[in-house]
Amino acid sequence: MENKIIENDEISLKELIQKIKEWYEDLLSQWKIIILSAIIGAIFGLAYSFIKKPIYTATLTFALEDEKSGGGLGGALGLASSFGLDVGTSGGSIFTGPNLTELFKSRTMVEQTLLTSITIKGKEMSLAELYIQNNGWREKWSNEPKLKNIQFLPEKKRKDFTRVQDSILGEIYQDLSKKSLTVAQKDKKISIISVDMISTNELFSLYFCEALARQVGKFYVSTKSKKARMNMEILEHQVDSVRGELNAAITGVAVANDNTFNLNPALNVRRAPSVRKQVDVQANTAILTELVKQSELAKVTLRKETPLIQVIDRPILPLKMEKFGKIKGLVLGGFLSGFLMALFLTIRRFLKGLEV
């Protein structure tokens with residue numbers, strides 16, 4: 001019984017080998033169709049290499065300031081705080097590491113960057129307009145009454161945009177954030193972040209990458225130093241106010257002294273205004289001295305917060321270019337077309353075998 005089973009297995013294996021041999025011979029018999037298909041595929045691959053636009057990559061790297069290394073300045077600020085002097089502190093770490101990389105890809109930053117003004121061949125335009133022209137949207141909009149007259153003027157206020165303009169900017173943002181813009185921290189131990197921008201227009205990649213870095217830098221610095229700046233502005237206002245009061249008190253002392261000049265020593269009550277003014281001068285002098293100290297320390301703190309982003313490498317023309325080569329198109333197109341035709345013939349023969 002076992003010998004019969006083994007014999008049946010051997011027969012089925014032989015049949016399988018025979019079937020594979022027949023399929024192989026059948027493919028060889030139709031080599032002309034496969035070769036013709038490969039030639040057609042190679043032609044399409046070559047044509048695609050002519051149509052496909054090259055891709056340009058602009059790369060910008062920057063480093064973040066280390067908040068922990070305050071040095072002597074941090075010690076001085078700590079000492080000032082121990083004496084009750086509020087000189088302002090850092091804006092926190094809300095935009096460090098992964099949060100900062102997401103800030104680069106946020107819709108607000110990207111859209112503000114798209115409205116940045118650039119000059120190409122003596123013509124001023126926005127990056128959004130350059131993107132629209134590069135992708136041929138103007139030609140598609142020529143027959144659309146709602147779209148053909150839409151313009152994205154440089155530095156135009158975002159709040160003045162129409163609903164249609166908002167939707168167009170949103171579509172550009174989605175395209176850039178998903179396909180073109182990459183922001184990554186190469187190593188968690190190193191505070192160096194790389195920004196890559198790819199597009200089929202070399203100048204768009206260059207200008208957008210630099211404009212985005214500037215836009216995020218301004219927002220980042222403004223946010224991180226906001227508390228210190230507000231504190232400094234309040235202190236400066238207080239210093240000006242107390243200085244005005246001190247000057248008025250000094251003038252009051254002089255006026256009171258003039259009024260009591262050669263006054264009879266028996267009439268001391270008339271010297272009271274002069275004494276009160278002198279007390280005001282002393283009090284305002286002490287207050288002004290303390291406020292000036294705090295104001296100067298607040299200025300030091302603000303300088304500590306700025307700048308917070310240091311650009312290391314900027315994109316330089318000519319940018320890195322990736323092009324779909326002609327040889328690559330020929331080989332890849334011919335191989336894929338020939339392989340698919342061979343696969344089709346094999347499946348067709350298999351299905352015919354099942355029918356039989």
Side-chain angles (χ1 to χ4, degrees), residues 45-64 95 97-121 123 125-137 152 154 168-220 309-333:
L46 180 63
Y48 179 77
S49 67
F50 283 103
I51 298 173
K52 178 67 175 177
K53 295 181 180 180
I55 297 176
Y56 299 92
T57 303
T59 302
L60 183 143
T61 59
F62 62 91
L64 295 176
F95 291 131
N99 290 342
L100 183 59
T101 60
E102 290 302 318
L103 176 63
F104 270 87
K105 300 179 70 175
S106 66
R107 178 165 180 167
T108 300
M109 294 294 102
V110 172
E111 288 186 352
Q112 289 180 0
T113 302
L114 287 171
L115 299 178
T116 302
S117 175
I118 59 173
T119 303
I120 298 180
K121 297 180 179 179
K123 182 180 180 181
M125 65 175 64
S126 65
L127 281 168
E129 195 65 34
L130 178 60
Y131 180 90
I132 291 171
Q133 293 180 9
N134 183 57
N135 287 273
W137 289 6
F152 290 90
I168 294 173
L169 276 182
E171 187 173 349
I172 297 176
Y173 163 72
Q174 292 294 335
D175 188 37
L176 293 179
S177 61
K178 292 181 179 180
K179 302 177 183 178
S180 303
L181 181 61
T182 304
V183 185
Q185 189 172 354
K186 296 182 178 180
D187 192 339
K188 294 182 179 179
K189 298 181 180 179
I190 302 176
S191 299
I192 297 180
I193 295 178
S194 176
V195 181
D196 293 331
M197 180 63 200
I198 62 173
S199 76
T200 56
N201 187 299
E202 186 177 28
L203 293 179
F204 180 83
S205 296
L206 174 69
Y207 290 144
F208 185 90
C209 190
E210 292 183 337
L212 180 63
R214 288 195 301 269
Q215 194 68 44
V216 174
K218 291 178 182 178
F219 180 81
Y220 185 47
I309 295 180
Q310 179 60 51
V311 176
I312 300 174
D313 291 323
R314 297 181 180 274
I316 301 175
L317 295 176
L319 299 179
K320 177 184 176 183
M321 182 182 67
E322 294 181 6
K323 191 174 182 180
F324 194 82
K326 299 179 181 61
I327 296 178
K328 183 178 179 181
L330 283 170
V331 175
L332 191 60

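Treat the numbers as computed from the prediction; the structure is a model and nothing was measured.
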Nearest 0.5 Å, what's the [atom1]-[atom2] distance between [X] and [Y]?
X	Y	atom1	atom2	value
Leu206	Leu317	CG	CG	5.0 Å
Ser194	Leu60	OG	CG	8.0 Å
Tyr207	Leu130	OH	CG	9.0 Å
Met125	Thr116	CE	OG1	14.0 Å
Glu210	Ile118	CD	CD1	11.0 Å
Ile192	Thr61	CD1	OG1	7.0 Å

Examine the side chains of Asp313 and Thr59 and answer whether a donor and an acceptor come within less than 3.5 Å of each other.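 Checked: Asp313/Thr59 side chains show no N/O donor-acceptor pair below 3.5 Å.
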Less than 4.5 Å apart, side chain to side chain, heavy atoms only: is that true for [X] and [Y]?
X	Y	answer
Leu212	Leu181	yes
Val216	Thr113	no
Asp175	Glu171	no

On a heavy-atom basis, which atom in [X] and which in [Y] lie closest, and how many Å separate them?
X	Y	value
Phe152	Ser126	O-OG, 2.6 Å
Ile312	Ala63	CD1-CB, 3.9 Å
Leu203	Asn201	N-OD1, 3.0 Å
Ser205	Ala58	O-CB, 3.3 Å

For Ile316, give me all partners under side chain to side chain contact (heavy atoms under 4.5 Å, CB included), at least two apart in sequence or on another chain.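 Once residues adjacent in sequence are excluded, Ile316 has no partner under the side chain to side chain contact (heavy atoms under 4.5 Å, CB included) criterion.
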Holding to side chain to side chain contact (heavy atoms under 4.5 Å, CB included), I want the full list of residues that pass it with Leu176, two or more places apart in sequence or in another chain.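 By the side chain to side chain contact (heavy atoms under 4.5 Å, CB included) rule, Leu176 matches Val110, Leu114, Tyr131, Ile172, Ser180, Met197, Phe204, Phe208.
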Is a donor on one side and an acceptor on the other found under 3.5 Å between the side chain of Glu111 and the backbone of Tyr173?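 The answer is no, because no donor-acceptor pair under 3.5 Å joins these two groups.
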Between Thr200 and Lys53 (side chain of the first, backbone of the second, donor and acceptor by atom type, cut-off under 3.5 Å), is there such a pair?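 Between the backbone of Lys53 and the side chain of Thr200 there is no qualifying donor-acceptor contact (under 3.5 Å).
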Is the number of heavy atoms from other residues, nucleotides or ligands within 6.0 Å of CZ (Arg107) greater than 12?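 Buried by this count: over 12 neighbours within 6.0 Å.
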Please tell me whether Phe62 and Tyr220 form a close aromatic pair, meaning their ring centres lie under 6.0 Å apart.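 No - the distance between ring centres of Phe62 and Tyr220 does not fall below the 6.0 Å cut-off.
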